[in-house]
Number of protein chains: 2
Amino acid sequence: MSDQQTRGRPRVNPLFLRDEDLREAIELLFFAYRDFTGEADAVLDAFDFGRAHHRIIYFVGANPGISVGELLAILKITKQSLSRVLSQLVDEAFITQETDANDRRRRRLYLTDKGASLERQLTDRQSRRVAAAFRDAGADAVAGFRTVMRGIINEEDRDRVLRYRDEAS
Amino acid sequence: MSDQQTRGRPRVNPLFLRDEDLREAIELLFFAYRDFTGEADAVLDAFDFGRAHHRIIYFVGANPGISVGELLAILKITKQSLSRVLSQLVDEAFITQETDANDRRRRRLYLTDKGASLERQLTDRQSRRVAAAFRDAGADAVAGFRTVMRGIINEEDRDRVLRYRDEAS
DNA sequence: GAATATATGTCAATAACACTGACCAATTTT
DNA sequence: AAAATTGGTCAGTGTTATTGACATATATTC
């Protein structure tokens, strides 16, 4: 291949990380995310849902009673965008809305049994892929994976990732 | 089908991986990818480009002389989708097409200077984020990150990720 | 109690990015 | 000569997102 013009460049950085190492990381993120999300697509198609539905179902499942505003903060989309998909999920009885007892402006979201069943189908497929990678990589590698991934996430959002771990301890 | 709840879930799996660990990984992938791709958005907006443009510019930059078909295989989109964005990039002189000397059906793609300059702007921002995470995590963690991420990628696509490492050795 | 802020929802218009299907042209392979 | 490959294009469609404007209910503050 004709190489070496755009790619030979050492482009050294002050952290002693080679440019290639960083490019590799960029590609790992691209491909891993592409294949990881692709995992659920077949299931979603059967329900005539897209990835937006998946994200909502996942985060409502992981955070029962989450409010609309909190969900927006996680997804970082506009409320109009959320509304379209969320209304569908409510209409088709995958999600229920309950008015908060203390602050009656808030609508708390929960999965119905139907929604929980779908969530399980979707999450299990992705979990299996991750579990296989974890098993092959070993415990130390998994720890490194966690550390690096957390470091990539915006500092202010790191504590949005799965609180059980910290709560449980 | 609908078994025990969804979330009281010990839901033990045979690999001794707790369900929470796998859910955490799912969320790490979501948030890290969200913030990582968000990094380039400001730059793209200035050029009136979207993420599709970014992906093309990135992969043409990383693989100078790549053919349209190879690019399609990497991006896993249809050629009609690629065409729309690629034509724009060619029209605006970020990318050039050159007919392959040996097989005149093939169009090989290259970044122009203008394209390479934009690619650098985009990649540098993302690299900085990854470099910071790598620096904070340490070399062992980085190795683990690489191993796990590769494991998540479809087996048949693992060798699409950055070949320099293996070629160079 | 009135004014203001907050949480949510909705209408309308628009755009980015993807899809399918059908077809064409140039070129290479068999 | 026929078939396969590579790439491009036209037309129509769908999903997911956007911005802006406005409405409603409720809570908080002065």
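Letters A, B, ... mirror the listed sequences (proteins, then strands); counts begin at 1. In what follows, every heavy atom counts, from backbone to side chain, and hydrogens, waters and symmetry copies are set aside.
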A.B. asks: Map A/Asp100 and A/Ala52 onto DNA chain D by nearest heavy atom, then report which one ends up closer to the 5' terminus.
C.D. replies: A/Ala52
A.B. asks: Would you mind reading off the distance between B/Arg84 atom CZ and D/dC10 atom P, rounded to a whole angstrom?
C.D. replies: 14 Å
A.B. asks: Report the distance from atom CG of A/Leu89 to atom P of C/dG9, rounded to the nearest whole Å.
C.D. replies: 13 Å
A.B. asks: Are A/Arg150 and A/Val161 close enough that some pair of their side-chain heavy atoms sits under 4.5 Å apart?
C.D. replies: yes
A.B. asks: Suppose we call a contact any N or O donor and acceptor under 3.5 Å apart; does that hold for the side chain of A/Gln80 and the base of C/dG9?
C.D. replies: no
A.B. asks: Could you tell me whether the phosphate oxygens of C/dG9, OP1 or OP2, come under 4.0 Å of any side-chain nitrogen or oxygen in A/Gln97?
C.D. replies: yes
A.B. asks: I want to check one thing: is the phosphate of C/dA7, taken as OP1 and OP2, less than 4.0 Å away from some side-chain N or O of A/Arg107?
C.D. replies: no
A.B. asks: Phosphate oxygens OP1/OP2 of D/dT16: is one of them under 4.0 Å from a side-chain N or O of A/Ser81?
C.D. replies: no
A.B. asks: Could you pick out which residue, A/Ser87 or B/Arg51, lies toward the 5' side of DNA chain C when each is mapped onto its nearest nucleotide?
C.D. replies: A/Ser87
A.B. asks: In whole angstrom, give the distance that lies between atom CG of A/Leu71 and atom P of C/dA7.
C.D. replies: 15 Å
A.B. asks: Between C/dA18 and B/Thr78, is there an OP1 or OP2 to side-chain N/O distance shorter than 4.0 Å?
C.D. replies: no
A.B. asks: Can you measure B/Ile66 atom CD1 to D/dG7 atom P for me and round it to whole angstrom units?
C.D. replies: 10 Å
A.B. asks: Please confirm whether the ring centroid of A/Tyr33 lies under 6.0 Å from the ring centroid of B/Phe36.
C.D. replies: no
A.B. asks: Rounded to whole Å, how long is the line connecting atom CG of A/Asp48 with atom C1' of D/dT16?
C.D. replies: 15 Å
A.B. asks: Taking the ring of B/Tyr58 and the ring of B/Phe49, is the distance between their centroids below 6.0 Å?
C.D. replies: no
A.B. asks: Is there a side-chain contact between B/Arg106 and the phosphate of C/dT27, meaning an N or O under 4.0 Å from OP1 or OP2?
C.D. replies: no
A.B. asks: So does A/Arg104 get a side-chain nitrogen or oxygen closer than 4.0 Å to the phosphate oxygens (OP1/OP2) of D/dT26?
C.D. replies: yes
A.B. asks: On DNA chain D, nearest-nucleotide positions of B/Asp103 versus A/Val85: which is more 5'?
C.D. replies: B/Asp103
A.B. asks: So, B/Asn154 and A/Arg129: side-chain donor and acceptor under 3.5 Å apart, yes or no?
C.D. replies: yes
A.B. asks: Is the shortest side-chain N/O distance from A/His53 to OP1 or OP2 of D/dT16 below 4.0 Å?
C.D. replies: yes
A.B. asks: Judged by each residue's nearest nucleotide on DNA chain C, which is more toward the 5′ side, A/Arg105 or A/Leu86?
C.D. replies: A/Arg105
A.B. asks: Would you tell me if any nitrogen or oxygen in the side chain of A/Ser83 comes within less than 4.0 Å of OP1 or OP2 on C/dG9?
C.D. replies: no
A.B. asks: Please verify the inter-ring angle class for B/Phe145 with A/Phe145; under 30° counts as parallel, over 60° as perpendicular, anything in between as tilted.
C.D. replies: parallel
A.B. asks: Determine the contact category for B/Asp45: base if any of its heavy atoms lies under 4.0 Å from a base atom, sugar-phosphate if only primed atoms, P, OP1 or OP2 are that close, otherwise nothing.
C.D. replies: nothing
A.B. asks: For the pair made of CZ in A/Arg55 and C1' in D/dT15, what is the distance, rounded to whole Å?
C.D. replies: 11 Å
A.B. asks: Do B/Tyr110 and B/Gln97 have a side chain donor and acceptor closer than 3.5 Å?
C.D. replies: no
A.B. asks: If I take atom CG in residue B/Leu72 and atom C1' in nucleotide C/dT20, what distance separates them, rounded to the nearest angstrom?
C.D. replies: 15 Å
A.B. asks: Can you measure A/Gln88 atom CD to D/dT16 atom C1' for me and round it to whole angstrom units?
C.D. replies: 11 Å
